[in-house]
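Just below is one structure, and these are the notes that go with it.
In what follows, every chain begins at residue 1, and chains take the letters A, B, ... in the order their sequences are listed. None of the values given here were measured: they were computed from a predicted structure.
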There are 2 protein chains.
Amino acid sequence: MKRVSLKDIAKELGVSTATVSLVLNGKNEKGRVSKKMSQKILDKAAELNYVPNTLAKGLKMGKSRTIGLIVADVSNLFFGTLALHIQVFAEQKGYSVIIGNTNEQLKAMENAINSLYGRQVEGLIITPTEKSQHLLIKLINNKIPFVLVDRSFPELAVNSVLINNYEISYQSTEQLIQKGCKRIGLVTYKQDHYHINERRRGYEDALKQAGIYDPDIMEEVRYDFLENDTRKVIGNLISQKEKIDGVFFTTNSISINGVKGLIKNHINIQEDIQIMCFDENDAFYILPYSVPFIKQPIKEMAKNAVELLIDQLEMKSEGTKQVVVNAELVLSRNSI
Amino acid sequence: MKRVSLKDIAKELGVSTATVSLVLNGKNEKGRVSKKMSQKILDKAAELNYVPNTLAKGLKMGKSRTIGLIVADVSNLFFGTLALHIQVFAEQKGYSVIIGNTNEQLKAMENAINSLYGRQVEGLIITPTEKSQHLLIKLINNKIPFVLVDRSFPELAVNSVLINNYEISYQSTEQLIQKGCKRIGLVTYKQDHYHINERRRGYEDALKQAGIYDPDIMEEVRYDFLENDTRKVIGNLISQKEKIDGVFFTTNSISINGVKGLIKNHINIQEDIQIMCFDENDAFYILPYSVPFIKQPIKEMAKNAVELLIDQLEMKSEGTKQVVVNAELVLSRNSI
DNA sequence: GATTTTTGATTAATCGTTTAACCTCTTACT
DNA sequence: AGTAAGAGGTTAAACGATTAATCAAAAATC
């Protein structure tokens with residue numbers, strides 16, 4: 001079925017498209033179009049089921065009312081939830097969302113940016129991949145508004161929405177210490193993401209503060225070999241001559257795999273070893289022992305990212321802004 | 001920064017936009033444009049960082065190369081994963097994805113359809129809400145190609161990608177029976193979704209076949225009061241005079257809440273009661289006992305949905321097609 | 001040398017909207 | 001009556017791209 005255009009309505013009514021456009025956009029101030037005609041146009045539009053062509057409008061107006069969202073990982077709950085919340089908030093503000101995916105690949109991020117740019121997005125919300133600073137700088141030079149979420153580069157003055165990675169990690173580690181842990185291991189990614197490193201720094205500082213810092217029980221795993229590497233480092237950790245009594249996992253995926261590894265090695269979580277996990281997971285509510293974890297306020301992050309971006313787009317705001325939302329330390333399973 | 005258009009390149013080179021367009025689209029067959037000119041245009045385009053305006057092109061060509069994705073629930077891992085896989089497959093085929101969200105609300109689904117239609121999507125992939133048949137019929141009348149995923153309406157001859165809900169549920173229930181369960185309860189949604197009811201039917205038929213069917217231990221929960229209702233019905237189930245020894249949960253969210261409820265009531269899963277959960281969850285890999293569950297092939301569903309839709313768009317296929325992909329019964333936690 | 005072909009481009013219309021500028025009647029005012 | 005103002009529209013250009021039709025000059029053919 002051919003789509004109904006302004007022209008179709010105009011033709012049926014014997015008026016010009018200008019008149020129709022004026023009426024349908026509520027722009028007939030000062031009685032430019034008569035009541036009667038207005039009504040006829042409105043009626044006809046409804047009758048024909050007219051839906052304006054957003055592309056044409058966007059082309060003419062130079063505004064697409066679309067924002068691009070570039071996320072990292074297809075199969076990660078965190079990004080999925082973030083994406084869908086962003087969509088909801090954006091829609092509330094009258095913007096549509098087109099998504100792009102990087103799979104943590106720099107090249108894919110570049111492609112996504114170009115593709116979305118070609119689709120005339122007015123701005124971008126991005127969870128940048130490692131070493132993507134130059135792409136962001138290009139965006140800045142081209143004056144394309146964007147907001148980073150979840151991750152950022154401290155050396156770049158850009159809009160961002162992050163959680164308090166350092167602080168919450170420090171506090172979480174302190175918790176373990178308060179519980180009596182003396183040798184707290186770490187499992188983190190081997191990479192160069194600021195936000196992950198901040199988590200590590202928080203952990204390290206808490207240990208130093210308590211005087212129990214030991215680099216020997218800090219392990220790194222590769223993103224592309226997460227399962228195997230985690231299994232391996234868990235093995236390392238538990239076979240230390242001086243037994244460890246706690247572990248801090250710096251991401252969701254590491255937490256899951258770390259817990260799996262501990263269980264597989266018949267470690268009794270909470271009795272033999274205390275753990276602290278980054279990110280929420282349904283599993284933590286279900287396990288027969290209480291798993292303390294750091295809950296990221298995903299919805300709030302989404303909200304802030306959308307607002308920050310749209311403020312930029314609508315010129316409500318100048319300069320860059322760094323928003324930090326607080327993660328929450330969930331100790332007891334009061335939800336059960 | 002003003003976006004670079006064909007016109008800009010043309011002006012700088014002193015040629016017409018037509019020439020530029022021809023070259024940049026590789027349409028200069030039969031030597032319509034000279035080698036030299038071609039190269040100059042290509043170079044200039046690269047120099048100016050030209051990115052074609054997909055909106056303008058779409059307007060002109062009557063093809064947006066965009067598909068709309070309408071999913072149900074923001075915070076559900078299943079849909080998030082589905083959405084992102086669909087995006088990846090669509091991109092591989094040269095299509096962008098715009099997402100809409102229904103939150104299981106009929107009105108929101110209608111809005112989403114209109115919004116996406118206005119954005120000239122060429123087709124839609126939809127997880128339809130309850131009672132949305134009339135919206136789909138409208139789509140059919142307007143000859144807008146679409147594919148339903150995860151859910152469908154058996155009375156409508158439409159394209160769909162579903163899993164083998166009935167069969168896998170039947171088999172899963174048989175498993176419980178084989179394990180020796182004699183009284184297997186059910187927790188499902190109180191609603192009118194065909195796919196969920198098929199799951200129930202599979203469960204029921206398996207019980208009937210085994211001669212242990214009992215409507216008294218089939219419970220329903222409301223979507224909007226999932227947590228409370230689940231807690232309540234779990235209470236009902238475990239306080240039956242004749243003790244139940246198994247439960248079948250028909251969705252992911254019900255499974256999670258159901259397990260929570262059982263644990264809260266100090267039921268010993270696997271010893272006191274066998275369970276069977278619909279949908280994968282990290283939790284099931286981590287629990288100290290093995291939780292059998294039905295794993296949906298989300299990626300395959302996404303792939304099929306995208307292919308089905310694009311075949312329609314590109315006229316490779318006529319009529320409607322119902323694809324059924326097989327879910328997998330995961331019994332042992334061999335992943336740990 | 002005249003005509004045809006080929007080469008290498010341009011012109012102009014079009015997609016669906018928007019909007020500044022213009023036009024033509026009525027009606028009102030002095 | 002003459003003119004200004006208001007009412008109610010229309011015209012036409014523009015957004016950025018595509019493409020059928022056309023054109024001019026050079027090369028090839030007879």
Side-chain angles (χ1 to χ4, degrees), chain A residues 1-42 44-45 48-66 114 117-122, chain B residues 1-42 44-45 48-66 114 117-122:
Chain A
M1 189 93 58
K2 205 187 140 301
R3 308 210 183 212
V4 178
S5 72
L6 275 191
K7 206 183 282 185
D8 298 322
I9 299 180
K11 203 177 296 171
E12 289 226 10
L13 256 31
V15 297
S16 73
T17 63
T19 309
V20 179
S21 171
L22 256 19
V23 171
L24 261 26
N25 287 295
K27 291 238 169 105
N28 55 340
E29 333 96 338
K30 318 183 195 174
R32 295 192 51 181
V33 182
S34 65
K35 276 263 172 233
K36 253 170 284 179
M37 195 69 233
S38 288
Q39 198 53 55
K40 272 166 83 174
I41 290 173
L42 258 16
K44 184 56 84 176
L48 297 182
N49 248 306
Y50 171 71
V51 177
N53 184 329
T54 318
L55 263 51
K57 181 167 183 165
L59 175 59
K60 176 66 189 156
M61 310 291 273
K63 299 222 151 294
S64 63
R65 292 241 122 197
T66 302
N114 277 328
Y117 180 68
R119 291 194 124 80
Q120 312 303 111
V121 297
E122 295 184 31
Chain B
M1 187 94 59
K2 203 187 143 298
R3 308 209 182 212
V4 178
S5 72
L6 275 192
K7 206 184 283 182
D8 298 322
I9 299 181
K11 204 178 295 169
E12 290 226 11
L13 257 30
V15 297
S16 73
T17 62
T19 309
V20 179
S21 170
L22 256 17
V23 170
L24 261 26
N25 287 295
K27 293 237 168 109
N28 54 342
E29 333 96 340
K30 316 183 195 175
R32 295 191 51 180
V33 183
S34 65
K35 277 263 173 229
K36 253 170 283 181
M37 194 71 235
S38 288
Q39 198 52 55
K40 271 166 85 176
I41 290 174
L42 257 16
K44 184 57 85 179
L48 298 182
N49 247 306
Y50 170 71
V51 178
N53 183 328
T54 318
L55 265 51
K57 180 167 183 165
L59 175 58
K60 175 63 190 161
M61 310 292 274
K63 300 224 153 289
S64 63
R65 293 241 122 196
T66 302
N114 277 328
Y117 179 68
R119 291 193 123 81
Q120 313 304 109
V121 297
E122 295 184 30

Review item, nucleotides 20-27 of chain C N/O atoms under 3.5 Å of protein N/O:
{"residue": "C:dA21", "atom": "N6", "partner": "A:Arg32", "partner atom": "NH2", "Å": "3.0"}

- Query: Can you find a heavy atom in the side chain of A:Lys27 that is under 4.5 Å from one in the side chain of A:Arg32?
  - Reply: no
- Task: Rounded to the nearest angstrom, tell me the gap between atom NZ in A:Lys11 and atom P in D:dT10.
- Result: 15 Å
- Message: What is the distance, to the nearest angstrom, from the NZ atom on B:Lys60 to the C1' atom on D:dA20?
- Response: 10 Å
- By nearest nucleotide on DNA chain C, pick out whichever of B:Thr19 and A:Tyr50 is the more 5' one. B:Thr19
- Message: Tell me whether the side-chain N/O atoms of B:Ser21 come closer than 4.0 Å to OP1 or OP2 in D:dA17.
- Response: no
- Message: Are more than 12 heavy atoms, taken from residues, nucleotides or ligands other than A:Lys40, located less than 6.0 Å from that residue's NZ atom?
- Response: no
- From B:Thr19, B:Val20, B:Leu42, residue fulfilling side chain to side chain contact (heavy atoms under 4.5 Å, CB included) relative to B:Ile9: B:Val20
- Item | Where B:Lys7 and B:Thr17 come nearest, the two heavy atoms and their spacing | CA-CG2, 3.8 Å
- Item | Spacing of A:Leu55 atom CG and B:Asn53 atom CG [to the nearest 0.5 Å] | 8.5 Å
- Message: If I take atom CG in residue B:Leu59 and atom P in nucleotide C:dT17, what distance separates them, rounded to the nearest angstrom?
- Response: 9 Å
- Picking from D:dT18, C:dA9, D:dT10, which would you name as closest to the side chain of B:Val33? C:dA9
- Task: Check the distance between C:dT19's C1' and A:Lys57's NZ and give it to me in whole angstrom.
- Result: 13 Å
- Under 4.0 Å between any heavy atoms, over every strand shown, what does A:Ser5 touch: base, sugar-phosphate, or nothing? Just pick one. sugar-phosphate
- Locate the shortest heavy-atom distance separating A:Arg119 from B:Arg65; write the atom from each residue and the value. NH2-O, 2.7 Å
- Note on the structure: On a heavy-atom basis, the closest approach of B:Glu122 and B:Ser64 is OE2-N, 3.0 Å
- Query: Closer than 4.0 Å, any side-chain N/O of A:Asn25 to the OP1 or OP2 of C:dT17?
  - Reply: no
- Note on the structure: Ranking B:Thr17 and A:Asn53 by the position along DNA chain C of their nearest nucleotide, the one closer to 5' is B:Thr17
- Check every strand shown and say whether A:Ser34 touches a base, only sugar-phosphate, or nothing at a heavy-atom separation below 4.0 Å. sugar-phosphate
- Query: How long is the line joining CG of B:Leu24 and P of D:dT18, in whole Å?
  - Reply: 8 Å
- Message: What is the separation between atom CG on A:Leu55 and atom C1' on C:dC15, rounded to the nearest whole Å?
- Response: 10 Å
- Message: Whole angstroms only, please: what is the CD-C1' distance between B:Gln120 and C:dG16?
- Response: 9 Å
- Query: Which part of the nucleic acid, if any, lies within contact of A:Lys7, taking any heavy atom under 4.0 Å across all strands shown: a base, the sugar-phosphate backbone alone, or nothing?
  - Reply: sugar-phosphate
- Taking NZ from A:Lys27 and P from D:dG8, how many angstroms apart are they, rounded to a whole number? 20 Å
- Query: Nearest to the side chain of B:Met61 - D:dT19, D:dG16, D:dG9?
  - Reply: D:dT19
